[in-house]
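See structure below.
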Amino acid sequence: MIRVRFAPSPTGNLHIGTLRTALFTWLFARRHKGVVVLRIEDTDMQRSSTEFEVNIFEGLEWFGLDNDEGPREGGEYGPYRQSERIEAGIYSGYIETLLASGHAYYCFDTAKELSVERDAAMATGVPYKYSRKALELSEGEVKAKLDAGEAYTIRFKMPDSGWLKYKDMVRGKIAFDNSLISDFVIMKSDGTPSYNFAVVVDDLAMKISHVIRGEDHISNMPRQAAVFAALGATLPEYGHLPMILGPDKAKLSKRHGATSVTEYRDQGFYSPALFNYLSLLGWSPEGQEEFFTKDEIVSLFSTDRVAKANAVFDQRKLTWMNGQYLRRLDVETYEAVILEHLDAGLKADIEVLGDDALSKALLAVRGNLEVLNDINTYGAVFVKTQKEYESDIAEISFSESNIDVLTRFRAILKPEGFSRESFDAGMAVVLEQTGLGKGAVFLPIRLAVSGQKAGPHLGDFAEVVGVETILARLSYVISLT
RNA sequence: GGCCCUAUCGUCUAGUGGUUAGGACGCCAGGUUUUCAUCCUGGAAACCGGAGUUCGAUUCUCCGUAGGGCUACCA
């Protein structure tokens, strides 16, 4: 049975990079009909908060990644928060085992002593390894220090020789020399387990079969593998994903603008579009097609087509893809989706214009939208107040020819039987009558009836605001001369 | 400094021991459209460098270089 886990740390909002890891992990599991476990790695009490945990849940849900086991779903390998696992004594049990087998030992060095060691090693160009001073303590000395209440950590004793060799699902063969790795802390002085230890215990206890995570964890492999070995367990399969970078090729972070998933949601990105885009960042199926549904991606996904090189997150392309999704949606879905982002005030104002006004207006500006929130910019033209309209008009100068065009158009436009088509036909007549170019006819009409030089198709616009408004505005402009 | 990973248009990527090195975003030009947008057509744009292997390397090997990661009582 394939069991994967997604293990975010609630020390910040759900990040695009973290989401991509979750996505690939999820895709792998769903592709192979496996189980997805969500585990919250909140051993860092200082930085973790439930607010961030909630944001992570929210982001995953919006994006469309579900999990079979987790803090909210429960499951037979719970609890699924490391903080709760600490309370349950899960880690201390394993610590005892390691202590008893000689794979771990108490360490009483202070932070200052350790940094002196480290600086000395750095200065001589030797890779730093803990001196193992604590290992020279006799059992009696250790007990005495413990009894005296001295602060301590527990370190894992790395093997002095041998290599960790494994085959990465994404990168192929990888090897590390164990003798270069320092003994590392597995239990901090506050009694909580460190990451490299907790992760192993949990992956083992939760029977995780495949670990898919970011490349930043590759260097942790020899440490984690050594703990697995010391516990007499076999290593799960591992796949390390390339990182997502900002435009400056540095690891994606806050200074690159929006990085939290809920921010993308709030800006009006449609989650299936983000899903599609992110799936193609570091992975590609065969062929040239770029648009895939979630189900298609699940059935196509495979770790051996995951890229090895880091990828820059291109917001331009995401935005383009989002616009494509908006245009490809069926009308009902499009309206439902866009309505969630339409300002209530703007919505009410448009609805006042008539029964189908809202629907027509939303459709009229569809081609202009990239993100859902754009509707509030492009939709405003439909509900300009008279005052706003007049002040827009005041900025525009109409020539005699323009006024002639407007006058002719006003004469042709009839309130009876008005439609988008009759509006267009009316403009065509003016075109013929005057013999002017398209621009010389259409632009002044657009300016006169909308007060701006860009916007939705005028026939659509007229249908929404009503022929009376159009006629009134034509007359208004004509009357100014 | 040490260790690990990586390297195809500006960006995301496909691909191959012999290809006009393909697609997409962006950019430029033209067209459709009433303007903008959409849409259509076309264009510019890449195999990091040096050795080696080979009849032939972008592709395989090595060495550089560059970028990224790790080197914590963060995860």
Side-chain angles (χ1 to χ4, degrees), chain A residues 7-11 41-44 46-48 82 107 109 111 114-115 118 121-129 151-155 168 170-171 174-177 180-182 184-196 198-199 214-223 240 242-243 245 247 249-251 277 280-291 305 307-321 323-324 327 365-370 374 378 424 427-428 431 437-447 450 452-459:
Chain A
S9 209
T11 53
E41 307 216 327
D42 56 352
T43 54
D44 185 343
Q46 304 304 317
R47 297 197 299 147
S48 298
Q82 289 185 331
C107 178
D109 296 78
L114 292 171
S115 73
R118 203 165 14 244
M122 281 292 208
T124 53
V126 179
Y128 171 68
K129 285 180 74 174
Y152 66 92
T153 59
I154 294 174
R155 281 182 188 265
D168 194 277
V170 174
R171 285 152 208 281
I174 293 183
F176 287 90
D177 183 349
L180 262 23
I181 312 282
S182 173
F184 58 98
V185 170
I186 56 177
M187 196 179 85
K188 302 180 251 181
S189 55
D190 64 359
T192 60
S194 71
Y195 166 75
N196 278 117
V199 115
E215 189 197 14
D216 46 341
H217 291 290
I218 276 201
S219 306
N220 290 147
M221 284 302 299
R223 281 175 265 271
H240 288 92
M243 311 289 293
L245 275 21
K249 305 229 180 183
K251 197 170 167 179
Y277 174 75
L280 262 23
L281 197 57
W283 171 77
S284 64
E286 283 179 59
Q288 319 241 253
E289 182 56 47
E290 284 197 298
F291 286 87
R305 289 190 67 86
K308 296 182 181 69
N310 294 167
V312 173
F313 184 79
D314 183 1
Q315 176 124 5
R316 269 304 322 164
K317 185 156 183 179
L318 199 216
T319 304
W320 165 80
M321 186 167 262
Q324 287 295 314
R327 266 161 239 130
V365 297
R366 195 185 203 182
N368 295 293
L369 307 181
E370 287 191 309
D374 288 344
Y378 289 104
D424 289 350
M427 292 203 297
L431 201 56
K438 287 175 179 176
V441 171
F442 297 128
L443 190 55
I445 293 177
R446 168 175 293 281
L447 287 168
S450 76
Q452 57 194 53
K453 66 181 198 307
H457 184 286
L458 274 187

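By convention in this document, chain letters (A, B, ...) are assigned in the order of the sequence lines, proteins followed by strands, and residues within each chain are numbered from 1.
With distances taken from any side-chain atom of Arg47(A) to the nucleotides G2(B), A75(B), U34(B), the minimum falls on A75(B). Of the candidate nucleotides C5(B), C73(B), U6(B), U6(B) has the atom lying nearest to any side-chain atom of Lys308(A). Side-chain proximity of Trp320(A) to A75(B), G26(B), C73(B): nearest is G26(B). Checking C5(B), U35(B), G68(B) against the side-chain heavy atoms of Arg446(A) singles out U35(B) as nearest.
The phosphate of G26(B) has OP1 or OP2 within less than 4.0 Å of a side-chain N or O from Arg316(A). In terms of phosphate contacts, Gln324(A) brings a side-chain nitrogen or oxygen within less than 4.0 Å of OP1 or OP2 of C39(B). The side chain of Arg171(A) contributes no N or O atom lying less than 4.0 Å from OP1 or OP2 of A7(B). Regarding contacts with the backbone of A14(B), a side-chain N or O of Ser284(A) is found under 4.0 angstrom from either OP1 or OP2. For A72(B), the OP1/OP2 oxygens have a side-chain nitrogen or oxygen of Arg118(A) closer than 4.0 Å. Ser9(A) has no side-chain polar atom (N or O) that falls below the 4.0 Å cut-off from OP1 or OP2 of C74(B). Within the 4.0 Å cut-off from OP1 or OP2 of U13(B), not a single side-chain nitrogen or oxygen of Lys317(A) is found.
A51(B) is paired with U61(B) under the Watson-Crick or G-U wobble criterion, all donor-acceptor distances under 3.5 Å. Pair assignment for A14(B) gives none, since no Watson-Crick or G-U wobble pairing has each distance under 3.5 Å. Shown here, G1(B) forms a base pair with U71(B); the pair counts as Watson-Crick or G-U wobble because both key distances fall under 3.5 Å. For A29(B), the paired nucleotide is U41(B), the pair qualifying as Watson-Crick or G-U wobble because both relevant distances are below 3.5 Å. U20(B): no Watson-Crick or G-U partner with both key distances under 3.5 Å is found in any strand. Nucleotide A66(B): paired with U6(B) (Watson-Crick or G-U wobble, both distances less than 3.5 Å).
Interatomic distance, Glu215(A) CD to Asn310(A) CG, rounded to the nearest 0.5 Å: 5.0 Å. To the nearest 0.5 Å, the span separating CZ on Phe313(A) from OH on Tyr277(A) amounts to 5.5 Å. Once rounded to the nearest 0.5 Å, the distance linking CG of Asp314(A) with CH2 of Trp320(A) reads 11.0 Å.
For the C1' atoms, the distance from A37(B) to G43(B) is 22 Å, rounded to whole Å.
Across all strands shown, Ile218(A) has heavy atoms under 4.0 Å from sugar-phosphate atoms exclusively, and none from any base. Looking at heavy-atom distances under 4.0 Å, Thr319(A) makes no contact with the nucleic acid at all. Within the nucleic acid shown, Gly214(A) has no heavy atom closer than 4.0 Å to any nucleic acid atom. Within the nucleic acid shown, Asp109(A) comes within 4.0 Å of at least one base atom, counting heavy atoms only. Within the 4.0 angstrom heavy-atom criterion, only backbone atoms of the sugar-phosphate kind lie near Glu41(A); the bases stay farther away. Pro242(A) comes within 4.0 angstrom of no nucleic acid atom, judged by non-hydrogen atoms across all strands. Nucleic acid contact for Asp216(A): sugar-phosphate only, since backbone atoms but no base atoms lie under 4.0 Å from a heavy atom of the residue. Using a 4.0 Å heavy-atom distance criterion, Asp424(A) is classed as making no nucleic acid contact. Looking at heavy-atom distances under 4.0 Å, Ala175(A) makes contact with sugar-phosphate atoms alone, never a base.
The CD atom of Glu290(A) sits 8 Å away from the C1' atom of C12(B) (whole-angstrom rounding). Separating the CG atom of Leu245(A) from the C1' atom of G10(B) is a distance of 15 Å, rounded to the nearest angstrom. Separating the NZ atom of Lys188(A) from the P atom of A75(B) is a distance of 4 Å, rounded to the nearest angstrom. If you take CG of Leu458(A) and C1' of C36(B), they are 12 Å apart, rounded to a whole angstrom. Remark: C1' of A37(B) and CG of Asp374(A) are 11 Å apart, rounded to the nearest angstrom. Between Asp314(A) atom CG and U11(B) atom C1' the separation is 5 Å, expressed in whole Å. Across the protein-nucleic acid pair, Arg366(A) atom CZ and A37(B) atom C1' stand 14 Å apart, rounded to whole Å. Rounded to an integer number of Å, the gap from Tyr128(A) OH to C4(B) C1' is 20 Å.
Side chains of Cys107(A) and Met187(A) form no contact here, defined as non-hydrogen atoms less than 4.5 Å apart.
Counting distance only, with no hydrogens placed and no angle test, the side-chain atoms of Thr153(A) and the base atoms of C73(B) include no donor-acceptor pair under 3.5 Å. The base of U33(B) has none of its N or O atoms less than 3.5 Å from a complementary donor or acceptor on the side chain of His457(A). Checked by distance alone, Arg327(A) brings no side-chain donor or acceptor within 3.5 Å of a matching partner on the base of U38(B).
The main-chain N or O of Gln82(A) is found under 3.5 Å from a side-chain atom of Asp42(A) such that the two form a donor-acceptor pair. The main-chain N or O of Leu280(A) is never found under 3.5 Å from a side-chain atom of Ser284(A) such that the two would form a donor-acceptor pair.
Positionally, the nearest nucleotide of RNA chain B for Val312(A) lies more toward the 5' end than for the other of Gly455(A) and Val312(A).
Few gaps surround NZ on Lys188(A); more than 12 heavy atoms of other groups in view lie less than 6.0 Å from it.
Under the 3.5 Å distance criterion, with hydrogens and angles disregarded, no donor-acceptor pair is assigned to the side chains of Asn196(A) and Ser194(A).
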